[in-house]
K.L.:
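To start, I am sharing the structure in question, which I have written as structure tokens.
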Amino acid sequence: MAKIGFYPLDIDEKEGIRLFGRTEDGKRIMVIDKSYKPYFYIIPEKEINLEKFVNKIKDVEVEEQGIYYTIEDLEVIEKEYESRNVKAIKVTVDKTSSIRVIKNELKNLPEVKEILEWDIQTYKKYLIDREITPLTLCSAEGTITEAKEGLELRGTVNQESEKAYEKYKILAFDIEIYGFLGDEENSNNPIISLALYGSNDYKKVITWKKFKDADENVEVVASEAELIERFKEHILGYQPDFLVGYYSDGFDFPQLKERARKYKIKLDLGADGSNVNFSKKGRTKSSKISGIVHLDIYKFISTIMAGSLHLDSYSLDMVSNEILGDGKLSMNFIDINEAWEKGSIKEICDYNLHDSKLTFQLTEKILPNLVEMVKIIGINIFDVCRLSYGQLVENYLIRRAKEFNVLIPNKPSGDIIAVRRVHTYQGGFVMEPKPGLYENLVVLDFMSLYPSIIVSKNISPSSLNKSKGYKSPDIVEESGRKVNYYFDKKESFIPSVIKDIILRRQRIKEILKGKKDSVLKARSYGLKTIMNAAYGYYAFFGARWYSKECASAITAFAREYIQEAIKGAEKFGLNVIYADTDGFAAVLNKKTENDILNFLDKLNDELPGLMELELEDFYKRGIFVSKKGEGSGAKKKYALINKDGELKIIGFETVRRDWSFIARKTQKKVLEIILKENDGEKAMNYVKDVISKLRKKEVKIKDLIIFTQLRMKLEDYVQIGPHVSVARKMQKKGVKVGVGSPIWFVIKSGKGMIRDKADIPENVKEGGYDEDYYVNNQIVPSVERIFDVLKYNKEDLIKDKTQSSLGDF
DNA sequence: GAGCATCGGGG
DNA sequence: GTGTACGATGCTC
């Protein structure tokens, strides 16, 4: 028997619970723990004799194709379920596969009311019950054997301390392919280059076409098959803890899988010699390797981090520009194809390596967030990386349920989900902005409004009742009936958990004041993310703890609070012009900034404990434009400039690439002139200038290009938009066009439908564009609503400066 | 305002 | 549950 300290990096189940990790001196270790027995709970019918029932089922055993599934233990346990104390029967079985079989055997017995906790993966329950946190110091005790892949220990695991693993070995990778994307055709496209980037300047590019000016880190192999083999060798040689890609679940690994299959190469990268495991859940694929944690950071960034990043796109280029201040090298996929054909392989290698470098650097930046999330939720980083908001909250609640002795509800069935999807309820309070240009504004926000309502009104499915406790404001149900919900004042599970998070985060923020600590910062971020997702979780149709009543009570309380705050502000002398859910913007009138701070202090004294209205910022000027779609929860669309001259542009489509460059630039410039200089006339003249240049055919074709991507096979299109029409022309010219092909086009001058006038930029001579299209469909719509505010109308814009007296037609 | 179509990430 | 599977947004009627 030996005892060894290690950090679990990943966990799964095969033969028993398997934990893959690193020992303190950096050796790879696989621990197999067979001591854990899976279980589920039976909620019996009320009136039955428990002892008799336990006796009746204790010998239940099922045989299927020679395999025996047995019950190992039965125990009556007091638990809380749906706000009641219940006597539940804990059914411990011999192995994970027995859960399903035994459950099916028992579920139809008359004594059984419900069966719970059978649908939670065993490795997750193991982590909870044994109180093990991945990535932190554990110990394993048992018999050790040493193999070339690392240590193998059979025995048991204990949590040793909170000490976190630090020396992560990260290896980022990226592939380039030749050809065009498309679901089926994809497999025919060869991988032409593969790059790896790791710590300590580890760089490798593998390609299979010889070229002259190759760097030392480039390996030229004989074929694509050899490229895949080398990839495997490098991974086994480098022994990363984390193998990281950007959209690698969706592209790189599936592509590697297809190409490896073609050459009959095994992708046996697992520490136990197993192949990469590909799985598909709905639209989302994932690739898992035993013992090497494959992370697709695109998933984490585009779902969880998106909540705080607010980018228009989560492409590697956009994200790395935002987080690292460095973007991709400028090469599109046509360039890659051409470079491969021409033999400019160096270009491809550089591009490929740079992408994997960006992926590596992004991983280093966001890893603290991932790691803290792992420590908070207590599941493995592979899962954390791929969580949705709903799963984030749910996994956290599942982990905390044990200490509250609460039974976990089952996942809803398809029927229940279908019913839940249909039902709606009223959302946040939105005050339509009176469109206009305003001076001297203040924006005030409730800090964590929804979470603090959950806590201060104890809102949860288990405290919900008909007549006592906190009473919600009037809620109008779908039927039109007015109701009030009540929430018992005795603190219940979910509000307690949220309160915990809020307090824990306040303590962290207190420590962080005037100090820099990236770990604590990441922890605070993780806690905030979970807490802010809690309200949405109640309303999420797939949630175990779903409650439309709770969700609608939260928004009802929130509407009341924001409206009260607005009333208070107006009484105080501010002029509120816009509000959305948890905050509002107001004109200062004659009030000073100091007055505002005093107003906040006074108002906050009157609010319940955890609730607080905060100062977001003071603004010199702001423009609020009219919205297209009215109604609650409508998206914000306004722009503000603060005292430092920083612009805050919300909801304008200035950066969408399906608008021509000239339209985007014009919109941005107009907002800038209006906010910075408050000169509507100048902004107007700027637009008129652009229009006049367009009419005089002075605008360069490159500023007029519109970009879209093909989403279907060309022949499947029924609706022929301009991009489809252009794609057809490209195909006729012999260009390969498939799913995902990017289409750049310009609208040429001439007669007929827009789609007939659309053409690839190369076919359009300078000045050969349709100026009417660009004026009416690009420039005017992009600035129209801004000028509405300034009381100019569309005609004013289109009128030529020099001939305005001639009238419209 | 419901119902249908499109699109995301990767090359 | 060896079953299914996205979610947000924009356009059209």
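Keep in mind that what you see is a predicted model, and the values were worked out from it rather than measured. Just so we're on the same page: letters track the sequence lines, and every chain starts at 1. What's counted below: heavy atoms across the whole structure, side chains too, no hydrogens, waters or symmetry copies.
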K.L.:
Nearest-Å distance, CG (A/Asp350) to C1' (B/dG11)?
P.N.:
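After rounding, the gap between these two atoms is 17 Å.
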
K.L.:
Students often get this wrong, so: under 4.0 angstrom with heavy atoms, is A/Ile417 touching a base, only sugar-phosphate, or nothing?
P.N.:
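Result for A/Ile417 = nothing.
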
K.L.:
Please give, in whole Å, the distance from B/dG10 C1' to A/Leu256 CG?
P.N.:
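For the pair A/Leu256 CG and B/dG10 C1', the rounded distance is 12 Å.
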
K.L.:
Looking only at the side chains, is there a donor atom on one of A/Glu219 and A/His234 sitting less than 3.5 Å from an acceptor on the other?
P.N.:
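Their side chains do contain a donor-acceptor pair, which is all the 3.5 Å distance test asks for.
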
K.L.:
Among residues two or more places apart or on two chains, list those pairs meeting side chain to side chain donor-acceptor pair (under 3.5 Å) that have a residue in residues 356-366 of chain A.
P.N.:
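Qualifying pairs, neighbours excluded: none.
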
K.L.:
Regarding A/Lys328 and A/Tyr351, do their side chains bring together a donor and an acceptor under 3.5 Å, going by distance alone?
P.N.:
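Yes.
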
K.L.:
In whole angstrom, what separates A/Tyr178's OH from B/dG11's C1'?
P.N.:
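For the pair A/Tyr178 OH and B/dG11 C1', the rounded distance is 12 Å.
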
K.L.:
Indicate, with a heavy-atom threshold strictly under 4.0 Å, whether A/Trp340 touches base, sugar-phosphate, or nothing.
P.N.:
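A/Trp340: no heavy atom of the nucleic acid under 4.0 Å.
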
K.L.:
Remember a base hit wins even if backbone is also touched, and classify A/Asp174 as base, sugar-phosphate or nothing at under 4.0 Å, heavy atoms.
P.N.:
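Sugar-phosphate contact only.
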
K.L.:
For A/Arg421 and A/Trp118, take the nucleotide of DNA chain C holding the closest heavy atom to each; which residue's nucleotide lies nearer the 5' end?
P.N.:
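Nearer the 5' end of the strand: A/Trp118.
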
K.L.:
Pairing donors with acceptors under 3.5 angstrom, does anything connect the side chains of A/Tyr68 and A/Glu61?
P.N.:
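Short answer, no.
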
K.L.:
For the side chain of A/Tyr298, starting at C-beta, report the closest nucleotide among B/dG11, C/dG1, B/dG8.
P.N.:
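Looking only at side-chain atoms, A/Tyr298 lies closest to B/dG8.
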
K.L.:
Out of B/dG11, B/dG9, C/dT2, which has the shortest distance to the side chain of A/Ser315?
P.N.:
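Among B/dG11, B/dG9, C/dT2, the one nearest the side chain of A/Ser315 is B/dG9.
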
K.L.:
Sticking with atom P, work out how far C/dG10 lies from B/dG9, rounded to a whole angstrom.
P.N.:
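After rounding to an integer number of Å, I get 14 Å for this pair.
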
K.L.:
Taking for each residue the nucleotide of DNA chain C bearing the nearest heavy atom, is the 5' side occupied by A/Lys103 or by A/Phe540?
P.N.:
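This one resolves to A/Lys103.
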
K.L.:
A/Tyr247 side chain: which of B/dG11, C/dG7, B/dG9 is closest?
P.N.:
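Closest nucleotide to the A/Tyr247 side chain: B/dG9.
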
K.L.:
Under 4.0 Å: is that the gap between some side-chain N or O of A/Lys328 and OP1 or OP2 of B/dG11?
P.N.:
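Looking at the OP1 and OP2 atoms of B/dG11, one of them is under 4.0 Å from a side-chain N or O of A/Lys328.
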
K.L.:
May I have the distance from A/Asn321 (atom CG) to B/dG9 (atom C1'), rounded to whole angstrom?
P.N.:
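Result: 16 Å.
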
K.L.:
Contact class for A/Phe253 (heavy atom, under 4.0 Å): base, sugar-phosphate, or nothing?
P.N.:
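The answer is nothing, as A/Phe253 stays clear of every strand by at least 4.0 Å.
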
K.L.:
Expressed in whole Å, how much space separates the C1' atoms belonging to C/dA5 and C/dG1?
P.N.:
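Per the computed distance, 12 Å lies between those C1' atoms.
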
K.L.:
Given C/dG1, is OP1 or OP2 found less than 4.0 Å from the side-chain N or O atoms of A/Lys107?
P.N.:
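So the side chain of A/Lys107 is within the cut-off, an N or O lying under 4.0 Å from OP1 or OP2 of C/dG1.
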
K.L.:
Please state how far atom CG in A/Asp355 lies from atom P in B/dG9, giving the value in whole angstrom units.
P.N.:
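Taking CG of A/Asp355 and P of B/dG9, I get 15 Å after rounding.
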
K.L.:
When you measure from the side-chain N and O atoms of A/Arg100 to the phosphate of C/dT2, is any distance below 4.0 Å, counting only OP1 and OP2?
P.N.:
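The answer is yes; a side-chain N or O of A/Arg100 sits under 4.0 Å from OP1 or OP2.
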
K.L.:
Can you tell me the distance, in whole Å, between the CG atom of A/Asn104 and the P atom of C/dG3?
P.N.:
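Going from A/Asn104 (CG) to C/dG3 (P), I get 14 Å.
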
K.L.:
In whole angstrom, what separates A/Asp296's CG from B/dG9's P?
P.N.:
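Computing the A/Asp296:CG to B/dG9:P distance gives 12 Å.
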
K.L.:
If you compare every side-chain N and O of A/Ser313 against the phosphate oxygens of B/dG9 (OP1, OP2), does one of them come in below 4.0 Å?
P.N.:
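Yes, A/Ser313 has a side-chain N/O under 4.0 Å of OP1/OP2 on B/dG9.
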
K.L.:
In whole angstrom, give the distance that lies between atom CD1 of A/Ile304 and atom P of C/dG7.
P.N.:
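The distance from CD1 of A/Ile304 to P of C/dG7 comes to 13 Å, rounded to the nearest Å.
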
K.L.:
For A/Lys288, enumerate each residue passing the side chain to side chain donor-acceptor pair (under 3.5 Å) test, keeping only those at least two apart in sequence or located in another chain.
P.N.:
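Applying side chain to side chain donor-acceptor pair (under 3.5 Å) to A/Lys288 gives A/Asp10.
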
K.L.:
Give me the ring orientation class for A/Tyr535 and A/Tyr425: parallel if the planes are under 30° apart, tilted from 30 to 60°, perpendicular past 60°.
P.N.:
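Plane angle over 60°, so perpendicular.
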
